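Take a look at the structure below.
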Amino acid sequence: MAQANDSATPTYPTREAVDFVIVGSGAAGGVMAKELSTAGFSVVLLEQGPHLKAADFKHDEWGYNHNNDLVWGARQGHPQTYRRTENDVAEPVEVSLGYAHNVGGSSVHFSGNFWRFRPIDFMEASVRGTIAGTNFADWPISYEELEPYYTKVDWEVGVSGLQGPWDPPRSREYPCPPLPVKSSDVLLERAAKKLGYTPYPAPLAILSQPHNGRPACIHCGFCNGYGCEVNAKSSSMATMIPVALASGNCELRTGCTVSQVNTDENGRANEVVYWEEDGTEQAQLANAVVLCANGAETPRLLLLSESSRFPDGLANSSGVVGKNLMFNGYSSVVGLFDEPVNAHKSVPATRVMHDFYELDPSLGFYGGGGIDARHFTAGTPMGMALRSGLFGGPTWGSEYKKNLQHEFTHTASFDGHTTSLPLATNSVSLDPNLQDKWGRPAMRCTYQDHPDDIATMKFFLDKTTELMDVAGASKTSGFIVEEAQTGNVHLLGTCRMGDDPSNSVVDKFHRSHDVPNLFMVDGSSLVTSGRGQPTMTIMALAFRAADNIIQAAQRGEI
Amino acid sequence: MNKHHLSRRAFLRSASDAARGSAIVLTLPMIITACSRANDARLSGESFQNLTEEEALAFDAIAARIIPTDETPGATEAGVIYFIDNILASGWDEQRLILQDGLRELQIAVGLSFGAAYFHELEAQQQDQLLTEIENTPFFSTIRYLTVAGMFSLPEYGGNRDSIGFDLIGFEDRHAWQPPYGFYDADYAERGE
């Protein structure tokens with residue numbers, strides 16, 4: 001792996017146009033920066049947060065999970081609001097749309113679960129039929145078109161796994177073998193096999209052996225919500241950004257919050273306006289702009305970039321910017337076991353069950369998902385102690401204390417990760433009543449799960465509860481979203497990809513239908529939600545988008 | 001000295017110094033729990049950044065009922081009260097207000113129910129009775145939240161002293177583990193599954 005070399009980092013004048021400004025350095029932005037800069041283009045990469053590195057990460061549950069040190073919320077000057085329906089007035093919340101503010105974005109603190117989407121995900125509306133009242137649609141691309149880029153992610157970013165019965169077709173094997181199985185996954189695997197299912201090793205963006213100059217996982221257990229302290233997690237911070245910086249063509253500017261994308265008299269994006277950390281306003285000229293700010297910030301920035309030419313927001317002639325927000329659903333059942341499980345050690349999950357990827361239509365609702373085994377609170381002591389009492393015991397006092405001494409180490413949870421339907425009424429928009437520390441309208445989340453999404457979660461809760469009973473849990477307790485999710489970290493579908501400019505924001509190459517030199521590449525591009533593990537697909541889409549952008553640029557067609 | 005020894009004495013001393021002349025009196029159970037770390041310089045003379053002494057005594061007493069001291073150390077020995085003080089001094093204003101208002105109401109209940117002046121003066125059983133009555137209030141959920149947080153957060157935040165909380169639940173904060181991690185994966189390997 002090329003190492004970041006500060007002396008190689010260029011400094012571009014803001015008043016001279018660079019080839020590309022990329023907004024956001026996360027899963028997609030890191031890939032984009034690496035691909036464009038190593039292809040020889042001048043790139044300015046803007047990131048709101050700091051450039052944290054492996055040595056900065058600690059097992060700091062209070063800081064990360066409760067004080068939102070990485071995610072940022074109202075306490076850091078970034079309040080958001082949430083409402084269930086468009087008829088409600090949104091209420092201020094600490095965080096609804098969650099993502100990490102740092103170089104590498106949420107690829108730094110995510111779980112590392114790295115399932116590819118399967119062929120059905122791209123054409124499910126045709127196969128399964130459209131669903132009234134939703135925007136459920138086929139993608140304009142197929143799995144086959146994306147497959148080479150999934151493989152590129154496997155090898156360039158680094159994925160561990162083993163081709164299993166449900167794993168989609170691949171052109172090349174995984175670069176690293178699966179991580180060692182955990183007790184929680186042994187419990188899942190044995191139960192699943194007893195019931196005739198086919199669990200297999202979970203694909204993870206966490207290295208089981210050294211790869212591309214990075215070391216193997218040391219099984220500390222702090223993946224989900226935390227940055228990896230040894231760079232074994234394949235974040236774009238650990239994998240792509242160092243290569244981009246070493247190219248000599250990419251200038252990374254951290255602590256920069258973008259306020260607006262401006263356009264010239266021809267309606268082309270030509271300038272990205274942002275604040276530096278101290279509030280100084282800057283404006284970088286650009287020949288083309290790529291927004292990789294995530295499924296919440298990308299639509300927000302487009303809506304904030306309204307002008308007389310683009311009165312409903314930039315690139316929003318369709319009116320669907322910010323709409324069709326999808327979170328993915330989930331279910332979780334936790335079981336208590338006689339012997340130590342110690343699910344808090346090592347990676348989040350080492351087995352996955354995809355036997356229910358597509359639910360039988362005869363059930364009467366649409367949905368599907370995957371199942372894996374985890375520690376109930378992502379291995380966190382405080383999280384587990386806060387939930388102790390979940391088997392019906394007291395929530396404070398001597399008996400509570402006694403129970404929690406056992407529960408942290410003797411429980412496993414079987415989790416369902418499920419589909420969300422795209423709905424016009426679920427959205428990211430600008431709150432009319434609340435502003436952030438920069439004076440911008442706060443992000444407003446409007447979200448109510450579709451009844452089919454809730455039914456799917458219930459199906460998975462029932463299935464995982466059955467598995468938990470077969471696994472031999474002495475006590476179980478199940479959790480599910482009863483009415484509506486009030487927030488999530490999967491931020492999908494808000495600038496959806498499509499062939500028809502009247503109902504999509506970007507074309508199949510992520511180019512804005514309205515602004516020819518503006519690209520949106522991140523979770524916002526997704527047409528459907530997949531089964532709860534979007535990051536692998538976001539990175540693959542970014543590799544594919546970059547490939548096409550480079551070819552278009554070389555043809556003079558940006 | 002092993003880390004399970006109680007270290008409440010210095011706290012009580014500083015708190016009672018400040019309360020001298022008020023109605024606060026060390027009760028017998030408190031004297032019993034105060035123990036051998038008389039020379040523990042960490043706490044001696046320490047004042048709270050955010051909490052009043054009255055609040056500190058009350059919240060410490062409540063935390064001690066949420067995670068009591070029994071055969072293993074509890075919230076008191078973990079120094080949860082110092083965590084709470086640190087956190088409330090760092091921008092948790094909403095929680096600060098909830099605690100302030102809730103404590104006022106609790107003190108009224110202390111007087112009405114038991115004719116006492118302060119929650120921390122009550123017997124444990126009396127304390128539990130009052131806390132049971134308010135366990136569904138924002139006040140109780142806030143103090144419970146901060147007590148648990150102070151018990152299990154990194155010691156650098158002021159609680160979880162000597163990793164008392166981590167020890168309690170069998171968590172060891174370290175960088176590297178090797179399989180087998182637990183009973184079932186060890187068994188799986190042994191059987192060659």
Side-chain angles (χ1 to χ4, degrees), chain A residues 58-63 66-67 74-76 94 179-187 189-190 193 217-222 229-230 337-346 350 379-386 388 394-398 400-402 404-410 412 471-472, chain B residues 62-63 65-72 74-75 83 87 90-94 124 128 131-132 135 140-141 143-154 156-157 159-160 163 165-189 191 193:
Chain A
K58 295 188 293 186
H59 299 169
D60 183 1
E61 183 183 5
W62 174 260
H66 296 264
N67 204 44
R75 250 188 305 283
Q76 287 82 2
E94 186 67 34
L179 277 290
V181 71
K182 295 171 58 171
S183 277
S184 36
D185 293 294
V186 168
L187 292 165
E189 181 179 306
R190 287 172 171 172
K193 284 182 172 171
C217 173
I218 55 174
H219 313 294
C220 80
F222 284 80
E229 59 214 42
V230 296
F337 292 89
D338 295 338
E339 303 291 346
V341 178
N342 293 331
H344 61 286
K345 296 180 183 177
S346 196
T350 58
T380 56
M382 192 191 307
M384 195 67 202
L386 286 169
S388 201
T395 55
W396 58 280
S398 296
Y400 160 74
K401 185 184 174 196
K402 203 165 147 190
L404 64 81
Q405 289 174 58
H406 194 61
E407 287 167 0
F408 182 75
T409 46
H410 286 66
Chain B
I62 297 170
R65 298 318 304 153
I66 293 170
I67 305 178
T69 303
D70 40 33
E71 57 272 29
T72 52
F83 170 86
I87 292 312
S90 66
W92 288 66
D93 300 340
E94 194 185 327
D128 286 354
L131 294 178
T132 303
E135 69 181 348
F140 185 79
S141 64
I143 195 78
R144 175 184 182 268
Y145 172 63
L146 292 174
T147 298
V148 172
M151 193 78 188
F152 298 106
S153 49
L154 290 181
E156 68 197 50
Y157 287 102
N160 192 11
S163 298
F166 290 163
D167 289 349
L168 181 69
I169 59 168
F171 171 76
E172 194 184 333
D173 184 19
R174 52 188 256 193
H175 293 293
W177 295 103
Q178 286 298 321
Y181 310 111
F183 171 84
Y184 302 97
D185 60 305
D187 182 58
Y188 185 93
R191 291 166 193 258
E193 279 181 63

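The structure displayed is predicted, hence computed values, not measured ones.
With a threshold of 4.5 angstrom between heavy atoms, Glu135(B) approaches chain A through side-chain atoms but not through N, CA, C or O.
When Leu131(B), Asp93(B), Ile67(B) are compared by the number of non-hydrogen pairs under 4.5 Å with chain A, Leu131(B) comes out ahead. Annotation: maximal heavy-atom pairing with chain B below 4.5 Å, among Leu386(A), Asp185(A), Thr380(A), Val341(A), occurs at Leu386(A). For chain A, the option among Met151(B), Glu172(B), Glu193(B) with the highest count of heavy-atom pairs below 4.5 Å is Glu193(B). For chain B, the option among Lys345(A), Lys182(A), Lys58(A) with the highest count of heavy-atom pairs below 4.5 Å is Lys345(A). Per-residue heavy-atom pair counts under 4.5 Å with chain B were compared for Asp60(A), Val230(A), Asp338(A), and the maximum is reached by Asp60(A). Taking chain A as the reference chain and counting heavy-atom pairs below 4.5 Å, the highest number among Tyr157(B), Phe83(B), Phe166(B) is found for Tyr157(B). Contact count versus chain B (heavy atoms, under 4.5 Å) is highest, among His66(A), Met384(A), Glu61(A), for His66(A).
Looking at every heavy atom in both residues, Asp173(B) comes nearest to His59(A) through OD1-ND1, 2.6 Å. Cys220(A) and His175(B) make their closest contact through CB-O, 2.7 Å (heavy atoms, listed as atom of the first residue, atom of the second, distance). Residue Ala385(A) comes nearest to Val148(B) through the heavy atom pair CB-CG1, 3.5 Å, listed as atom of the first residue, atom of the second, then distance. Between Tyr181(B) and Val181(A), the shortest heavy-atom distance links the atoms CE1-O, 3.8 Å.
Taking CG of Asp70(B) as the start and NZ of Lys402(A) as the end, the distance is 9.5 Å to the nearest 0.5 Å. Atoms OG and CZ, from Ser398(A) and Arg65(B) in turn, are 6.0 Å apart once rounded to the nearest 0.5 Å. Between the CZ atom of Phe140(B) and the OG1 atom of Thr395(A) there is a distance of 6.0 Å, given to the nearest 0.5 Å. Rounding to the nearest 0.5 Å gives a distance of 5.0 Å between CZ of Phe152(B) and CG of Leu404(A). Note that CD1 of Ile62(B) and CH2 of Trp396(A) are 10.0 Å apart. Values are rounded to the nearest 0.5 Å. Here Ile87(B) contributes atom CD1 and Asn67(A) contributes atom CG; the two are 6.5 Å apart, rounded to the nearest 0.5 Å.
The aromatic rings of Tyr184(B) and Phe337(A) sit perpendicular to each other, their planes meeting at more than 60°, with 30° as the lower class boundary.
No more than 12 heavy-atom neighbours from other residues, nucleotides or ligands sit within 6.0 angstrom of CD on Glu94(B).
Looking at heavy atoms from C-beta onward, Trp92(B) lies in side-chain contact with Arg75(A) at the 4.5 angstrom threshold.
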Worked verdict on Asp187(B) versus Arg190(A) for salt bridge (charged side-chain N to carboxylate O under 4.0 Å, His left out): CA-CA 12 Å; Asp187(B) 182 58; Arg190(A) 287 172 171 172; 2.9 Å; yes
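Among residues two or more places apart in sequence or in another chain, the side chain to side chain contact (heavy atoms under 4.5 Å, CB included) test is passed with His410(A) by Leu336(A), Pro340(A), His406(A).
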